[in-house]
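One structure is given below, encoded as structure tokens.
First listed ligand is number 1; within each ligand, the first listed atom is number 1.
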Amino acid sequence: TSLSINVNEFDYAVKSYIEDGIFEQLEYKSSNKDQDLLLEYDFIIVGAGPGGCTVANRLSEIPHWKILLLEAGHYFNYLVDIPVLNTNLILSPLNWGYKTEKEDCRACLGLKGQRCPWPSGKGVGGTSLINTMLYTRGNKRNYDDWAKLGNYGWSYNEVLPYFKKAERIQISELQNSSYHGTQGFIGVDYTEYNTPMLDAFLQAGMEAGYPLVDYNGKTQTGFARAQATLHKRSRRSSAKDYIDPIKKRCNLTVKDSSFVKKILIDPVTKKACGVLATIKGIDHKILARKEVILSAGAFNSPKLLMLSGIGPQEHLNDLNIPVIKNLRVGENLQEHLAMAGLTFLVNQPIGLLQDRLIKEMPKLFPEWYFEGKGKLTMLGCEGLAYVNTKYNVFPDDLPDIEFIFTAVSLASDGGVSLRQEMGITDHLYNSVYSSVDRKDSWSIWPMILYPRSRGKVLLKDSHPLTPPLIHANFFNDTRDLDVIVEGIKMAIELSKTKAFQSIGSTLHKAPIPGCSQYTFGSDAYWGCSVRHITTQLHHQCGTCKMGPRWDSSAVVDPQLKVYG
Ligand SMILES: Cc1cc2nc3c(=O)[nH]c(=O)nc-3n(C[C@H](O)[C@H](O)[C@H](O)COP(=O)(O)OP(=O)(O)OC[C@H]3O[C@@H](n4cnc5c(N)ncnc54)[C@H](O)[C@@H]3O)c2cc1C
């Protein structure tokens, strides 16, 4: 694929400039890899993403418990460590490669087959192998609202100690903050390098009257440099953070290439008692003395529950899957949508252009590898802001839009990776962006924080290898579209500040095919642009909804145990 060519190009550029031997050190090694498989464990954990790795780490603290962590994907190589490669990795086999179903002309209209690609990580480390590494907690009120709904234990004051326990803040000015932890497994830092455009973004925010904030601290509304899950300016997947340091524990077995096909449930007691898994090509039935923990992500967790007989009765009946428990599994799917098409050209060579990176590789790679410095430490996203649109009905400090500020635009890599990852058609790309290919530019992706639309995950059939059907239902509630349109207009206003004008920022105005019937810049035009360049931030969640016993749509209780 064009993505793997791109990654290979990068790989080649890297390999060309370092001495032999270093690669071997960079390969991930786990003494845990080849442990024998037992017939029975105390706990079986399905999926080695942030959820699964964290639980594996904590449970294996008890030396007499035997833990098995099963992961469908593989171990990763050194490319994953290079922060700037995150977009490229989405196009690699580290992504399950799912897509939304085509839906009634509401969204994804400028994308191939009118389907939005919906990435989800696959490998030991899960989606933390390919994610953007932004370290962002929910707003305080989100947790308090969960608790008010009956989810005991989830109020902000109750979850904050766990955020702090997990975190090892490396940002000097936050070392003494009562909102941050210093001893946890997850390193949090700024990137070492930022383009001069970040200063323009922060200055622009102040010109517009916003404070600079620690958005994980006391207040969220304002502008900030992005905090990221980095250690020594390299990506730290959950496998590196939570499994690497404990890989000598002999009560923990981690198996990659291990695809769980079904959770075994006793139909009488309704207790999960094991899993059916294909491990390196061979089928195994493995039993769990205490619990099976499902942490396979927002698409595959509901899929596995449904394949195992837990899900909406009518849907399971249609597929001839015997129903063990009728629960609204797969429903309540939510996503943070944005629009990544805004392109502001600048008059200085300060953008993050892929060609420039490849050309500078002889300098950049050793700089990153030996000193943890330079452009390879960048995430793409340099700054964040939390702002309020006129539609925000929430009380103070619960902003409804997040600005994702990036020193790139869709055209910065000549359409090789970012637009491929988003699935933008050749027609749209060539009509709008090819004229500004590889030019210095920046963008703000205005992302809605509280969408009202809800989608669902269904099974296509009862075969474990068939990908799930994802009915996104984007913009089913058109108020979501209105909020993003306001966000776009606010981003354009920000581009007119002195700070952004000092680098010659101008909005690229080529109209999007399919939207040319609207006046460029009108609300109708921007609404159409959002429906065409529907941009997902890959925050899929909600498909095994937590709720108290009286919530008929809940799948798990506040202790995350499946009802029934
Ligand atoms: C492109 C992208 C960018 C993102 N950026 C950010 C960001 O900047 N900041 C942020 O906080 N979040 C970000 N996220 C979201 C974040 O990465 C996820 O919320 C998080 O990884 C979820 O963790 P998890 O453990 O629940 O699931 P996952 O990380 O998805 O892990 C689930 C694991 O289960 C495995 N699995 C699935 N099915 C099976 C099976 N049948 N058998 C065995 N194993 C199975 C999968 O292969 C995977 O490894 C991003 C996500 C994406 C896709």
Would you kindly say whether [X] and [Y] are connected by a side-chain donor-acceptor distance under 3.5 Å?
X	Y	result
Y98	N300	yes
Y386	E402	yes
N251	S60	no
D480	S453	yes
S417	D413	yes
S412	Q354	no
E167	H180	yes
R137	N142	no

With heavy-atom distances below 4.0 Å as the criterion, list the atoms of ligand 1 near [X].
X	result
S295	32 (C), 33 (C), 34 (O)
L304	41 (N)
G126	29 (O), 31 (O), 48 (C), 49 (O)
K122	47 (O)
S258	42 (N), 43 (C)

Could you tell me whether [X] and ligand 1 have an N or O pair separated by under 3.5 Å?
X	answer
I90	no
P119	no
G73	no
W96	yes
T132	yes
L134	yes
G123	yes
T136	no

- request: Please work out which of the three classes, parallel, tilted or perpendicular, describes the rings of H336 and H539, given edges at 30° and 60°.
  value: perpendicular
[atom]: nearest protein contact (heavy atom, Å):
atom	value
atom 38 (N) of ligand 1	N300 CB, 3.3 Å
atom 49 (O) of ligand 1	E71 OE1, 2.6 Å
atom 45 (C) of ligand 1	A72 CB, 3.8 Å
atom 25 (O) of ligand 1	G51 N, 2.8 Å
atom 41 (N) of ligand 1	V260 O, 3.0 Å
atom 31 (O) of ligand 1	G49 CA, 3.3 Å
atom 15 (C) of ligand 1	H538 O, 3.8 Å

message: Within the supplied structure, the quantity of interest is the number of heavy atoms (other residues, nucleotides, ligands) at a distance under 6.0 Å from K262 NZ; does it exceed 12?
response: no
- request: Mind checking the CD-CD spacing from E335 to Q536? Nearest 0.5 Å is all I need.
  value: 5.0 Å
- prompt: So, for T425 and K112, which heavy atoms are closest and what is the spacing to 0.1 Å?
  reply: CG2-N, 3.7 Å
Minimum distance, heavy atoms only, to [atom]: which one of [options] is it?
atom	options	answer
atom 16 (C) of ligand 1	L69, D256, N131	N131
atom 23 (O) of ligand 1	G297, G47, G121, P50	P50
atom 21 (O) of ligand 1	I130, T127, I279	T127

query: With a 4.0 Å cut-off, strictly under, does atom 19 (O) of ligand 1 pick up any protein heavy atom?
result: no
- prompt: Given that the side chain starts at C-beta and the backbone is N, CA, C, O, which of these parts of Q540 lies under 4.0 Å from ligand 1, counting heavy atoms, or is it both or neither?
  reply: neither
message: Is it the case that the ring center of W442 lies less than 6.0 angstrom away from the ring center of F201?
response: no
- request: Taking only Lys NZ, Arg NE, NH1 and NH2, and the carboxylate oxygens of Asp or Glu, determine whether D189 and K232 approach each other closer than 4.0 Å.
  value: no
message: Assess whether a salt bridge exists between D81 and R235, defined as any Lys/Arg side-chain N lying under 4.0 Å from an Asp/Glu carboxylate O.
response: no
